[in-house]
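Taking it in order: structure first as structure tokens, then the write-up.
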Amino acid sequence: MSTAQFTCSVVTQYLPEQSSAADSVYAFAYTITIRNTGTVTAQLVARHWQIADALGRTEEVRGLAVVGHQPVLKPGEQFEYTSWTRLATPRGRMQGTFFCITEDAHWFDTPVPAFELAQAQALH
């Protein structure tokens with residue numbers, strides 16, 4: 001039986017040059033690697049992010065594509081991209097879902113487990 005499955009890994013980085021503690025602006029880059037771990041070719045079509053700062057304020061972001069791409073991945077292939085976000089606190093969390101479709105038009109969701117956004121000094 002064929003299966004549609006993507007898995008994701010995330011690496012984050014604080015961006016001090018884009019941040020200003022005086023203005024309560026903390027910028028973070030995140031690099032996402034999406035790998036087709038299933039047995040059928042599929043395409044990432046859209047995304048939904050939930051972004052929360054340390055005070056519990058949340059923002060939802062929905063849209064087509066990731067950084068302008070809707071990658072088609074054959075089994076074993078991967079796609080990596082880097083994007084960024086801003087928070088009003090030096091710590092926060094993101095989690096999300098990628099909406100994907102197989103080449104024979106079956107939809108499936110790929111969850112992106114929650115990951116931390118943290119300025120190094122904010123960890124202590």
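Reckoned from all heavy atoms, side chains included, excluding hydrogens, waters and symmetry mates.
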Apply side chain to side chain donor-acceptor pair (under 3.5 Å) to the pair Thr58 and Gln50, showing each step before the final yes or no. CA-CA 7 Å; Thr58 60; Gln50 295 171 309; over 6 Å; no

CG of Asn36 to CD of Glu77: how many Å apart, nearest 0.5 Å? 8.0 Å

Tell me the closest heavy-atom pair linking Pro75 and Gly38, and the distance in Å. CB-O, 3.4 Å

Calculate, to the nearest 0.5 Å, the distance between atoms OG1 and CD belonging to Thr82 and Gln13 respectively. 9.0 Å

Nearest heavy-atom contact between Ser19 and Ala27 is OG-N, 2.8 Å

Rounded to the nearest 0.5 Å, what's the gap from CD on Glu59 to CZ on Arg86? Could you check? 11.5 Å

Can a donor-acceptor pair be found, under 3.5 Å and without considering hydrogens, that links the side chain of Arg91 to the backbone of Asp53? no

Let me check something: do Leu44 and Phe115 share a hydrophobic cluster, defined by ILVMFWY side-chain heavy atoms less than 4.5 Å apart, either directly or through other members? yes

What I'd like to find out is whether the side chain of Phe28 reaches to under 4.5 Å of the side chain of Trp84, using heavy atoms alone. no

Can any side-chain N or O of Asp23 pair as donor or acceptor with the backbone N or O of Val25 at less than 3.5 Å? no

In this structure, CZ of Arg47 is separated from OG of Ser83 (nearest 0.5 Å) by 7.5 Å

Find out if a path of hydrophobic residues (ILVMFWY) with successive side-chain heavy-atom gaps under 4.5 Å connects Leu73 to Ile101. no

Please answer whether the main-chain N or O of Leu15 pairs with a side-chain N or O of Gln18 as donor and acceptor at a distance below 3.5 Å. no

Checking Gln78 side chain against Thr33 main chain: does a donor-acceptor pair fall under 3.5 Å? no

Derivation of the side-chain contact (heavy atoms from CB on, under 4.5 Å) call for Ile32 and Ser9: CA-CA 6 Å; Ile32 306 227; Ser9 60; over 6 Å; no

Report whether Val45 and Val61 are members of the same hydrophobic cluster (ILVMFWY, side-chain heavy atoms less than 4.5 Å apart, transitive linking). no

Tyr26 side, atom OH; Tyr14 side, atom OH - distance, nearest 0.5 Å: 6.5 Å

Could you tell me whether the side chain of Arg57 and the main chain of Ala52 form a donor-acceptor pair under 3.5 Å? no

Evaluate the ring planes of Tyr81 and Tyr30, with Trp represented by its six-membered ring, and classify them as parallel (under 30°), tilted (30 to 60°) or perpendicular (over 60°). perpendicular

Begin from the C-alpha positions of Phe6 and Phe108 and carry the test ring pair (Phe, Tyr, Trp, His ring centres under 6.0 Å) through to its verdict. CA-CA 9 Å; Phe6 285 178; Phe108 66 99; 5.4 Å; yes

Can you name the nearest heavy-atom pair linking Arg93 to Ala114, along with the distance? NH2-CB, 2.9 Å

Hey, are the side chains of Val112 and Val10 touching, using non-hydrogen atoms and a 4.5 Å cut-off? yes

Pairwise side-chain contact, Phe79 with Val66, heavy-atom cut-off 4.5 Å (strictly under): yes

Atom CD of Glu80 and atom CZ of Arg35: how far apart are they, to the nearest 0.5 Å? 10.5 Å

Assess the residue pair Glu60 and Arg62 against the criterion (salt bridge (Lys or Arg N to Asp or Glu O under 4.0 Å)); give the C-alpha distance rounded to whole Å, side-chain angles, the decisive distance to 0.1 Å, and a yes or no. CA-CA 7 Å; Glu60 290 198 45; Arg62 296 175 186 267; 3.5 Å; yes

Would you confirm whether the ring centroid of Trp49 sits within less than 6.0 angstrom of the ring centroid of Phe98? yes

Sidechain-backbone polar pair: Thr89 side chain, Ala54 backbone, donor-acceptor under 3.5 Å: yes

Cluster check Val67, Ile34: I/L/V/M/F/W/Y, side chain < 4.5 angstrom: yes

With a 3.5 Å distance limit and no angle check, can you tell me whether Thr39 reaches the backbone of Thr3 through a side-chain donor-acceptor pair? yes

Does a side-chain heavy-atom distance below 4.5 Å link Leu117 with Met94? yes

Going by heavy atoms in the side chains, are Thr7 and Thr110 under 4.5 Å from each other? no

